Amino acid sequence: MVFKSPSYKLSILGKEGCSRVDKVVLRIMHEIGMIIDNKKARERLFDAGAKDMGGNKVSISHDLIDKSLETAPSTFKLYSVNGKEAMDINKENMYFGVSTSSLGFIDPWEGRKVAHTKRTSSYMAMVADALPNIDYVGNGGLLSDVDPRIGGRINFTNTLRYTTKPMYICPDYAASYIDAIALAQDISGGAQKLKDKPFIFGYCEPVPPLYHSNDAIEKLIICGDSGIPVVYMPYCMRGGTAGIFLAAALAQNYAEILTGLVIHQLFNPGAVFIAGSMPTILDMKTTTGSYGAPEFHFGIAASSEMCDYYNLPFFGTAGCTDSQQLDMQASTEVTMGILSTLLTGADVVHDTGVMQHASALSPEILVYTNEILDMLRVYQEGIDLSDESFIFDVIKRVGPRGHYLEEETTLRNFKKIWYSKVFDRSLNSEIPQNNFANKIKEKTKSIIATHINDSVNENIIPILEEHERKWFVNL
């Protein structure tokens, strides 16, 4: 269910601040250079005018960046598996979805972290499909009960059995992308039909600082060749894989992002490129990259503003936590991330339902995030300042020490106020045993036990099974 970027967007950098970051981005790309560990990409860059700095390092000039920014679209659409328009990414709409690459699963029955399997992947797909504020799904984490050589692809087919929502795919290595896209083409009725109405988009990452692996670049090229939108997102830790200051981390991230953009557009001008940026902190106490730190969400807010500056779609991050369970820490970090995103804007937001530094997927956090998104829709509505909304005559009639309970305006409009099915506003002398966390847990378990998506086309099941058989045979 689409959110709108607010007219009162919170500005972190401002135009002047973005320009200062951009100047350092250009210097990094030109003076320091990037290691491009892909021969095809290096050759294409050199043919376009980039300079060979030796050791697979490439210097990229601002004119190549400018050309790439001119050809890369700022808007695009994603469709459901059944071909219906589902997401109109246009720098005004915001969409929220889940994650793809966690090893663990927080089991709502056992209340602990367990290995992620096809069964728990099915649970995540069902919950994501059932929640109205979750607009797209991911291919659900890293499976422990499937051969890792085809685990990402099997996760993709497994998820397609439970949802028709758009999906972003991250099936381990570049070669797997070819198979996953071929499957999507068969479901859509051919390569051109998938190009016309893509229901998937890809995901890949450079390796900070300033390294672009052969595999990541192959994924960029494969997605571009197939007409599939693709995310390119550096995840850096300030003080570890990026400079300690946010300004330095932003400049490094966007130097890496724009390098990916240049390569992507050189191979496929006009293909959809989605920029992502996750400049978090390295927690020196735990040696982890935080998904709940205020610096993390502040850095994402600034990253979103940089994407507006470059007029690129932005892949944001929210609805995640470092906490080990659904507790006060988790609720604080999730809510802070969601509110920050809604106030600063992002086009497509991922990692809802992620816990424990992104090491585990939690359907309960996903259900909680859906509730928070519902709550914060109030911020999307703005204030009606029409003459009718001031109800001056009603105020005059009620007068001092009156009340508005029986007024027609109250009776017609009081149900428009947001009422939660989970949050408790009652007045009790005793603390209720059925607390908030238990309500979330029970709602999650109920969805898993009962949710069925009748719009999943049964005709795709033989297609999924045929591709799965081929993948197993080719192991």
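Since the model is a prediction, treat every value here as computed from it, not as a measurement.
Contact annotation: the side chain of L103 never approaches that of H116 to less than 4.5 Å [non-hydrogen atoms, C-beta and beyond]. Contact of the V272 side chain with the F76 side chain is registered, since non-hydrogen atoms from C-beta on lie closer than 4.5 Å. A 4.5 Å side-chain heavy-atom check between C307 and Y254 finds at least one atom pair inside the cut-off. Residues L160 and I187 form a side-chain contact, since some pair of their non-hydrogen atoms from C-beta on lies under 4.5 Å apart. A heavy-atom distance below 4.5 Å is not found between the side chains of Q265 and K67. When side chains are defined from C-beta on, L261 counts as touching L258, because their heavy atoms get closer than 4.5 Å. With contacts defined as side-chain heavy-atom distances shorter than 4.5 Å, the pair L131/I447 qualifies. Side-chain contact check for S359 versus K113: some heavy-atom pair is nearer than 4.5 Å.
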Under the side-chain contact (heavy atoms from CB on, under 4.5 Å) criterion, do R20 and K23 qualify, and how do the steps go? CA-CA 5 Å; R20 288 180 63 84; K23 288 178 181 177; 5.7 Å; no
Evaluate Y310 against D22 for side-chain hydrogen bond (donor to acceptor under 3.5 Å, both in side chains), listing each step before the verdict. CA-CA 9 Å; Y310 291 121; D22 177 56; 2.6 Å; yes
Please report the C-alpha distance between D351 and S99 in whole Å, then the side-chain angles of each, then the deciding distance to 0.1 Å, and finally whether the side-chain hydrogen bond (donor to acceptor under 3.5 Å, both in side chains) criterion is met. CA-CA 4 Å; D351 269 357; S99 182; 2.8 Å; yes
Run S290 and D283 through side-chain hydrogen bond (donor to acceptor under 3.5 Å, both in side chains) and show every step you take. CA-CA 7 Å; S290 174; D283 186 314; over 6 Å; no
For the pair I36 and I217, evaluate side-chain contact (heavy atoms from CB on, under 4.5 Å) and give the outcome as yes or no after the intermediate values. CA-CA 8 Å; I36 310 296; I217 294 170; 3.5 Å; yes
Using side-chain contact (heavy atoms from CB on, under 4.5 Å), reason through E371 and K443 one step at a time and then give a plain yes or no. CA-CA 11 Å; E371 194 74 11; K443 184 174 181 178; 4.0 Å; yes
Between D129 and K165, is a side-chain contact (heavy atoms from CB on, under 4.5 Å) present by the stated rule, with each step listed? CA-CA 7 Å; D129 186 71; K165 290 183 178 181; 4.1 Å; yes
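At most 12 non-hydrogen atoms from other residues, nucleotides or ligands lie less than 6.0 angstrom from CD of E16. Other residues, nucleotides and ligands contribute over 12 non-hydrogen atoms within 6.0 Å of the NE2 atom of H451. Crowding of F298 atom CZ: a count of heavy atoms from other residues, nucleotides or ligands under 6.0 Å not exceeding 12. Other residues, nucleotides and ligands contribute over 12 non-hydrogen atoms within 6.0 Å of the CZ atom of R377. When the shell of 6.0 Å around NZ of K439 is examined, it contains more than 12 heavy atoms from other residues, nucleotides or ligands. Heavy-atom contacts from other residues, nucleotides or ligands closer than 6.0 Å to CE of M284 number more than 12.
Remark: L326 CG to I106 CD1 distance equals 10.5 Å, nearest 0.5 Å. Atom CG in D88 sits 8.5 Å away from atom OH in Y79 (nearest 0.5 Å). The OG atom of S80 sits 12.5 Å away from atom CG of D135, with the distance rounded to the nearest 0.5 Å. Taking OG1 of T335 as the start and CG of L376 as the end, the distance is 7.0 Å to the nearest 0.5 Å.
For R238 and F245, the positive end is not near the middle of the six-membered ring at less than 6.0 Å and at most 45° from its axis.
The minimum heavy-atom distance linking I228 with I181 is given by the pair CG1-CD1, 4.2 Å. Shortest non-hydrogen contact noted between G202 and C223 is CA-SG, 4.0 Å. Nearest heavy-atom pair, E218 versus A174, reported as atom, atom and distance to 0.1 Å: CB-CB, 3.6 Å. Contact record, V98 with H350: O-CB, 3.8 Å, taken as the closest heavy-atom pair. Minimum heavy-atom separation, I338 to G319: CD1-N, 3.8 Å. The minimum heavy-atom distance linking I257 with G276 is given by the pair CD1-O, 3.1 Å.
Taking the six-membered ring for Trp and thresholds of 30 and 60 degrees, Y232 and F273 have ring planes inclined between 30 and 60 degrees apart. Taking the six-membered ring for Trp and thresholds of 30 and 60 degrees, F296 and Y235 have ring planes more than 60 degrees apart, a perpendicular arrangement. Ring-plane geometry between Y136 and F315 is classed as tilted, the angle between the planes lying from 30 to 60 degrees on a 0 to 90 degree scale. Between Y368 and F423, the two ring planes are tilted [angle within 30° to 60°].
Side chain of Q252 to main chain of G243: no donor-acceptor pair is present (N/O by atom type, distance under 3.5 Å, no hydrogens or angles). Between the side chain of N90 and the backbone N or O of T75 there is no donor-acceptor pair closer than 3.5 Å. Side-chain atoms of S19 never come within 3.5 Å of backbone atoms of K15 as a donor-acceptor pair (strictly under, hydrogens ignored). Within the 3.5 Å criterion, the main-chain N or O of G104 finds no donor-acceptor partner in the side chain of S102. In this structure, E305 contributes its side chain and I12 its backbone to a donor-acceptor pair below 3.5 Å. Side chain of Y177 to backbone of Y203: a donor-acceptor contact under 3.5 angstrom is found. In this structure, the side chain of E256 engages the main chain of L210 through a donor-acceptor pair within 3.5 Å. Between the T120 side chain and the T117 main chain, a donor and an acceptor come within less than 3.5 Å of each other. Checking side-chain atoms of T321 against main-chain N and O of M355 turns up no donor-acceptor pair under 3.5 Å. A donor-acceptor pair is defined here as one N or O able to donate and one able to accept, closer than 3.5 Å; no such pair exists between the side chain of S304 and the backbone of A301.
Taking the six-membered ring for Trp, F201 and Y168 have ring centres closer than 6.0 Å.
Under the 4.0 Å criterion applied to side-chain N and carboxylate O atoms, K445 and E442 are assigned as salt-bridge partners. Between E468 and R161 there is a salt bridge, since a side-chain N of the basic residue sits under 4.0 Å from a carboxylate O of the acidic one. A salt bridge links D347 with K91: the closest approach of a Lys/Arg side-chain nitrogen to an acidic carboxylate oxygen falls below 4.0 angstrom.
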